[in-house]
Amino acid sequence: MAEHFDIIIVGGGPAGLTAAIYARRAGRTVLLLEKEGFGGQIASAPKVENYPGFAAISGAELADRLYTQAESLGARIELEEVLSVTDGAAKTVTTDYDSYTCTALILATGMKRRTLGLDGEEGLKGVSFCAVCDGAFYQGKDVAVCGGGNTALQDARFLAELCRSVTVIHRRGEFRGDPMLVEELENIANVKLMTFAQVTELISENNALTGLKIADTRTGEIASLSVDGLFEAVGQLPEQTVSRSLGLAGEDGFLPCGEDCVTSLPGIFAAGDCRSKEVRQLTTACADGACAAVAAAAYCRRT
């Protein structure tokens, strides 16, 4: 017989870990399932400067603190991939390792990285999605960062300390990231900000990146840029394997529910970046986790 929990949480990012903390404090048995790495994408951030209470903290340290707090409160945390969920009075969650049942389910599945969709992008040496993970391989070399949000700007700041030059490529005229970050990068000698620019082609030799073809989005003019590495930070897409199977995902892949995190299926809640909302930040992910856990605990009391 499958082991039963009051609440199962799918996703081990800030939303999921916060939900585990609040659910355990509500006295509920909790299982948190994560398929890759705990802390979500924030774990790869070199420096977090917009989380209340910390002037600056690494994403890895913050993720570790969230994990440790949830575990110390008694949440069971497993590194397993959820393959399917069967809805019902008791929901059945099947992973690549085992099956479990629960009264309430919280989906905190987060986002996955968007790619540029260029020929040869997959598997090409020199293309990376994690500056913290791979930046050391490009010490003293020329690299580019593609993107206009905080992730791209933070990656560029981190890489500037390692690389000979960093070119930030953004297709619009203004960056979406924090103005303070933009101003900081403008004052770093080995960083160049290139706006109205779009990467259209990856130039390679022997399956290794050697340069980029870049189009001016206003004139269409094509220029070449020699680089040893390209770090992509061009947005994200919601993880929707589970939500699609339950018929919950909207046309855009996000879970349509309000600030109460209640979905259209009884006993199923959504938290974090996978939820339809205007602001997706670390603080709002944690807020969602708290709201979803409180709602799930209340649902368990009523059931």
Side-chain angles (χ1 to χ4, degrees), residues 36-37 41-47 59 110-179 181-239 253:
E36 290 179 347
Q41 294 191 39
I42 197 66
S44 64
K47 187 184 291 186
M111 307 271 275
K112 59 183 178 181
R113 291 182 176 90
R114 189 192 300 270
T115 66
L116 294 173
L118 299 174
D119 290 341
E121 187 174 8
E122 296 295 330
L124 181 64
K125 183 180 179 181
V127 176
S128 174
F129 298 89
C130 180
V132 175
C133 309
D134 300 332
F137 296 121
Y138 301 92
Q139 189 158 4
K141 298 183 178 181
D142 301 310
V143 301
V145 176
C146 189
N150 280 340
T151 299
L153 299 176
Q154 289 168 346
D155 285 353
R157 181 175 61 180
F158 174 79
L159 292 166
E161 299 179 2
L162 300 171
C163 303
R164 180 169 56 190
S165 70
V166 180
T167 303
V168 185
I169 303 167
H170 182 42
R171 59 180 178 156
R172 295 188 174 90
E174 293 185 358
F175 290 93
R176 301 188 313 276
D178 292 342
L181 281 173
V182 176
E183 183 178 356
E184 184 178 346
L185 290 175
E186 288 174 338
N187 292 306
I188 299 177
N190 64 332
V191 174
K192 177 183 179 181
L193 303 181
M194 182 182 290
T195 54
F196 295 111
Q198 184 171 2
V199 178
T200 58
E201 184 180 340
L202 305 176
I203 305 170
S204 63
E205 185 176 332
N206 298 323
N207 201 41
L209 183 73
T210 59
L212 308 171
K213 290 287 183 69
I214 302 171
D216 187 309
T217 58
R218 297 162 298 183
T219 66
E221 183 179 352
I222 302 294
S224 296
L225 177 69
S226 294
V227 293
D228 302 291
L230 170 65
F231 292 83
E232 297 186 19
V234 291
Q236 301 167 330
L237 297 168
E239 286 281 6

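- The CZ atom of R171 lies 12.5 Å from the CZ atom of F196; values are rounded to the nearest 0.5 Å.
- The distance from atom CD of E122 to atom CG of L124, rounded to the nearest 0.5 Å, is 10.0 Å.
- Taking 4.5 Å as the limit, every side-chain heavy atom of I222 sits out of range of all side-chain heavy atoms of I214.
- The structure places OG of S165 at 8.5 Å from CG of D228, a figure rounded to the nearest 0.5 Å.
- For the pair D142 (side chain) and S226 (backbone), a donor-acceptor distance under 3.5 Å is absent.
- Taken to the nearest 0.5 Å, the CZ atom of R164 stands 12.5 Å off from the CD atom of Q139.
- Between T115 atom OG1 and E232 atom CD the span is 6.5 Å, to the nearest 0.5 Å.
- In this structure, D119 places its CG atom where only 12 or fewer heavy-atom neighbours from other residues, nucleotides or ligands lie under 6.0 Å away.
- With hydrogens and angles disregarded, no donor-acceptor distance shorter than 3.5 Å links the side chain of T167 to the backbone of A144.
- N150 and G177 get closest at one heavy-atom pair: OD1-CA, 3.1 Å.
- Residue L118 comes nearest to E201 through the heavy atom pair CD1-N, 4.1 Å, listed as atom of the first residue, atom of the second, then distance.
- From K125, atom NZ reaches atom CD of E205 across 12.5 Å, with rounding to the nearest 0.5 Å.
- Checking side-chain atoms of E183 against main-chain N and O of P179 turns up no donor-acceptor pair under 3.5 Å.
- Considering every non-hydrogen atom in both G126 and L209, the closest pair reads O-CD2, 3.7 Å.
- Here the closest non-hydrogen pair linking E239 and K112 is OE2-CB, 3.5 Å.
- L153 pairs in a side chain to side chain contact (heavy atoms under 4.5 Å, CB included) with only one of the listed residues (V145, L181, D178), which is L181.
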Please assess I169 against L212 for the test side-chain contact (heavy atoms from CB on, under 4.5 Å), listing each intermediate value before the final yes or no. CA-CA 11 Å; I169 303 167; L212 308 171; 3.8 Å; yes
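- The two residues G147 and V168 have their closest heavy-atom pair at O-CG1, 3.8 Å.
- Identified under the ring pair (Phe, Tyr, Trp, His ring centres under 6.0 Å) test for residues 113-161, with sequence neighbours left out: Y138-F231.
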Does the pair V143 and L230 meet the rule for a side-chain contact (heavy atoms from CB on, under 4.5 Å), with working shown? CA-CA 6 Å; V143 301; L230 170 65; over 6 Å; no
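- The two residues V191 and A160 have their closest heavy-atom pair at CG2-CB, 3.7 Å.
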